[in-house]
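See below for the structure under consideration.
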Amino acid sequence: MASDSDARRGRRLVRRGYAIGVVALAVGAALAGCASSGGSSTSGAPAPAAATSAAPGGQGVAVKQTSGGVSYVTDSAGDSLYTLSADKNGQSTCSGQCVSFWPPMAGSAATGSGVTGTLTTLQRSDGTSQVVLNGHPLYLFKMDTAPGQTNGEGVNAFGGTWTLIDPSGNPITSLTGSPSQAPAGSGPGGYGGYGGGG
């Protein structure tokens, strides 16, 4: 029959074996974490995630002409770009519902052939970049469903008037000739009934 001292010695050995097993499991898990993250650290902490760009870059700005010979800027896909008269000092006032109709041109733009104005970017409140031409933030228009359409020209919505912009960076205010030639629904109530504050 085993003595009390033998029993105590046996319990100590069991506890020591359990503790060694727990430490071995923890070290194994840490090493597996390092291997799966591709990190070279041996501390067991996962490697930090790689930084990602806030917005897609490299989207070019191009130049098109209306049937009347007026030059205006588009994105690289040929979709018309607009400015908002309410935007001042290179900052955008279009947010909330406004951006669902007038998406900002995202990314960093390279000057396209025929563009003489200065292209820069601004950082929006959501962290994305928006292309700016001579201090005018640039936007697309939801109602332009094909390249070359200019349905947003002269629209009054979200606190200002939307206009195309010429290659030197000046808003085009004479493309439609008069307000009566602007798209239907572009009066004070906004295009198709939307409008109001940003």
Side-chain angles (χ1 to χ4, degrees), residues 53-87 90-124 126-187 189-195 198:
S53 175
Q59 185 176 25
V61 174
V63 176
K64 288 187 90 123
Q65 282 194 336
T66 66
S67 57
V70 177
S71 295
Y72 64 98
V73 297
T74 70
D75 68 5
S76 56
D79 294 317
S80 301
L81 294 170
Y82 299 87
T83 66
L84 175 61
S85 62
D87 290 351
Q91 296 301 308
S92 171
T93 59
C94 180
S95 61
Q97 188 186 20
C98 177
V99 300
S100 66
F101 291 100
W102 302 89
M105 183 187 182
S108 57
T111 301
S113 176
V115 177
T116 57
T118 302
L119 287 162
T120 57
T121 58
L122 66 86
Q123 185 171 30
R124 296 182 59 80
D126 62 2
T128 60
S129 292
Q130 180 174 1
V131 178
V132 177
L133 178 56
N134 272 20
H136 300 284
L138 300 179
Y139 306 84
L140 298 158
F141 184 42
K142 179 183 177 181
M143 299 298 183
D144 287 343
T145 57
Q149 291 186 348
T150 58
N151 295 315
E153 174 65 20
V155 170
N156 294 309
F158 298 104
T161 302
W162 298 85
T163 59
L164 298 171
I165 187 165
D166 71 21
S168 64
N170 296 309
I172 299 172
T173 57
S174 59
L175 181 66
T176 55
S178 69
S180 63
Q181 293 176 299
S186 62
Y191 192 98
Y194 72 78

For this session: Could I get the full list of side chain to side chain donor-acceptor pair (under 3.5 Å) partners for Asp79, not counting sequence neighbours?
Result: none
Problem set entry | Tyr82: side chain to side chain donor-acceptor pair (under 3.5 Å) partners, not counting sequence neighbours | Asp144
Problem set entry | Under the side-chain contact (heavy atoms from CB on, under 4.5 Å) test, residues paired with Asp166 that sit two or more places apart | Ser168, Asn170, Ile172
Exercise. Checking Asp87 side chain against Thr93 main chain: does a donor-acceptor pair fall under 3.5 Å?
Worked result: yes
Exercise. Residues two or more places apart in sequence or in another chain: which of them pass side-chain contact (heavy atoms from CB on, under 4.5 Å) with Thr74?
Worked result: Ala62, Lys64, Tyr72
Exercise. Got a sec, which residues hit side chain to side chain donor-acceptor pair (under 3.5 Å) with Thr145, two or more places apart in sequence or on another chain?
Worked result: Gln149
Exercise. Which pair of non-hydrogen atoms, one from Thr163 and one from Pro171, has the smallest distance, and what is that distance?
Worked result: OG1-CB, 3.5 Å
Exercise. So among Trp102, Phe101, Phe141, which one has a ring pair (Phe, Tyr, Trp, His ring centres under 6.0 Å) with Trp162?
Worked result: Trp102
For this session: Could you tell me the separation between the OG1 atom of Thr83 and the OH atom of Tyr139, rounded to the nearest 0.5 Å?
Result: 9.0 Å
For this session: May I ask you to test the Pro137-Leu84 pair for a side-chain heavy-atom distance under 4.5 Å?
Result: no
Seminar exercise, completed: Note: Arg124 and Cys94 closest approach over all heavy atoms is NH2-O, 2.6 Å
Seminar exercise, completed: Note: Ser80 and Gly148 closest approach over all heavy atoms is OG-C, 4.4 Å
For this session: Starting at CG of Leu119, measure out to NE2 of His136 and round the result to the nearest 0.5 Å.
Result: 12.0 Å
Seminar exercise, completed: Given the options Val73, Thr121, Val61, Met105 meets side-chain contact (heavy atoms from CB on, under 4.5 Å) only with Val61
Exercise. Is the backbone N or O of Leu164 less than 3.5 Å from a side-chain atom of Glu153, with the two atoms forming a donor-acceptor pair by type?
Worked result: yes
Exercise. Which value, rounded to the nearest 0.5 Å, describes the distance between Leu81 atom CG and Leu133 atom CG?
Worked result: 9.0 Å
Problem set entry | Sequence-distant partners of Ser85, side-chain contact (heavy atoms from CB on, under 4.5 Å), two or more places apart | Thr161
Exercise. What are the two closest non-hydrogen atoms of Pro103 and Lys142, and how far apart are they?
Worked result: CD-N, 4.4 Å
For this session: Look up atom CG in Leu138 and atom OG in Ser92, then write down how far apart they are to the nearest 0.5 Å.
Result: 10.5 Å
